[in-house]
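Here the structure is a predicted model, which means the values were calculated and not measured.
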Amino acid sequence: MRLDAGADLIFTMLNAGRAGAIEACRERGVKQIGNVRDWVAAMPDVFVASAVADAGVAVFRAGRDLSDNLWKGEVVKRFGVRYPDAVRLALAPAVPPAVRDRVELLAKEMAAGGIAIPTTYSGPEFMPA
């Protein structure tokens, strides 16, 4: 883990390894950015932000489309920051207002199509240490 290298903040996508990362961050006073759920609300002492991706929103909308006879198979619907109920960055109250404002501005620019986010990646899975 990069904590030994002096990291002040880490972004984790660890699934079952998250508990160990949380414990290590608590012990060393290092903050994390989590993913999938709102880890800030769950553990504000460790998480400064969390990239929330609520797949339930897509499932609900698909069910509603099916119920309303609007569902079509083999159609890809993309959810991103245009749908903050599904995709957003949760920030801890301690995040400075200037940082919060910048994040909100960037989210608006992404939602409006002003910032292109790549949807494919062909590089190495892990970068060498």
Side-chain angles (χ1 to χ4, degrees):
M1 188 178 281
R2 296 292 179 197
L3 298 184
D4 291 332
D8 297 316
L9 176 72
I10 61 171
F11 175 72
T12 55
M13 294 181 68
L14 298 172
N15 298 327
R18 186 174 306 278
I22 289 169
E23 182 180 330
C25 285
R26 266 200 187 112
E27 288 173 1
R28 297 175 190 195
V30 172
K31 296 293 184 183
Q32 277 192 60
I33 298 174
N35 71 310
V36 180
R37 62 178 268 201
D38 186 349
W39 286 96
V40 173
M43 296 182 187
D45 63 314
V46 175
F47 291 87
V48 70
S50 192
V52 179
D54 185 351
V57 172
V59 172
F60 175 80
R61 289 184 183 189
R64 187 181 60 205
D65 286 353
L66 183 63
S67 174
D68 294 344
N69 292 319
L70 299 173
W71 187 83
K72 295 178 183 175
E74 299 184 29
V75 173
V76 175
K77 292 186 180 182
R78 296 190 184 275
F79 288 81
V81 294
R82 290 186 320 262
Y83 305 96
D85 56 331
V87 178
R88 68 190 175 284
L89 184 63
L91 298 173
V95 171
V99 173
R100 185 177 301 278
D101 292 346
R102 180 73 173 141
V103 167
E104 289 174 11
L105 176 65
L106 291 170
K108 287 178 184 175
E109 288 180 23
M110 283 188 287
I115 299 174
I117 305 297
T119 58
T120 59
Y121 178 74
S122 61
E125 184 65 24
F126 296 100
M127 298 302 293

Under a 4.5 Å side-chain heavy-atom rule over Ile, Leu, Val, Met, Phe, Trp and Tyr, are Ile33 and Leu91 clustered together? yes
Work out which heavy atom in Val30 is nearest to a heavy atom in Ala7; give both atom names and the distance. CG2-O, 3.4 Å
Considering non-hydrogen atoms only, spot the tightest contact between Val40 and Ala90 and give its length. CG2-O, 3.7 Å
I need the minimum non-hydrogen distance between Asp45 and Lys31, along with the two atoms involved. O-NZ, 2.7 Å
For the pair Trp39 (side chain) and Asn35 (backbone), establish whether a donor and an acceptor sit closer than 3.5 Å, ignoring hydrogens and angles. yes
Approximate separation, where rounding is to 0.5 Å, of Arg78 CZ and Ile117 CD1: 12.5 Å
If I compare all heavy atoms of Arg18 with all of Gly34, which pair ends up nearest, and what's the gap? NH1-CA, 4.0 Å
Do the side chain of Lys108 and the main chain of Val103 share a donor and acceptor less than 3.5 angstrom apart? no
Any link between Leu66 and Val59 through a network of hydrophobic side chains (Ile, Leu, Val, Met, Phe, Trp, Tyr) touching at under 4.5 Å? no
Within 6.0 angstrom of Asp8 CG, more than 12 heavy atoms from elsewhere: no
To the nearest 0.5 Å, what is the distance between NZ (Lys77) and CG (Asp65)? 4.0 Å
Could you grab the distance from atom CG of Asp38 to atom CG of Asp54, nearest 0.5 Å is fine? 11.0 Å
Using only atom types and a distance under 3.5 Å, with no angle test, would you say the side chain of Arg100 pairs donor to acceptor with the backbone of Ala92? yes
Could you report the tightest heavy-atom contact between Arg26 and Met43, atom names first, then the distance? NH2-SD, 3.9 Å
How about CZ on Phe60, more than 12 heavy atoms from neighbouring residues, nucleotides or ligands closer than 6.0 Å, or not? no
Under a 4.5 Å side-chain heavy-atom rule over Ile, Leu, Val, Met, Phe, Trp and Tyr, are Leu9 and Val99 clustered together? yes
Show, in sequence, the C-alpha distance, side-chain angles and deciding distance for Tyr83 and Val57, and conclude whether the side chain to side chain contact (heavy atoms under 4.5 Å, CB included) test is met. CA-CA 9 Å; Tyr83 305 96; Val57 172; 5.8 Å; no
Are Met110 and Val87 connected, step by step, through hydrophobic side chains (Ile, Leu, Val, Met, Phe, Trp, Tyr) whose heavy atoms are closer than 4.5 Å? yes
Single-linkage hydrophobic cluster Phe11~Val95, side-chain heavy atoms < 4.5 angstrom: yes
Using modelled atom types only, decide if a donor and an acceptor are shared between the side chain of Ser50 and the backbone of Arg37 within a distance under 3.5 Å. yes
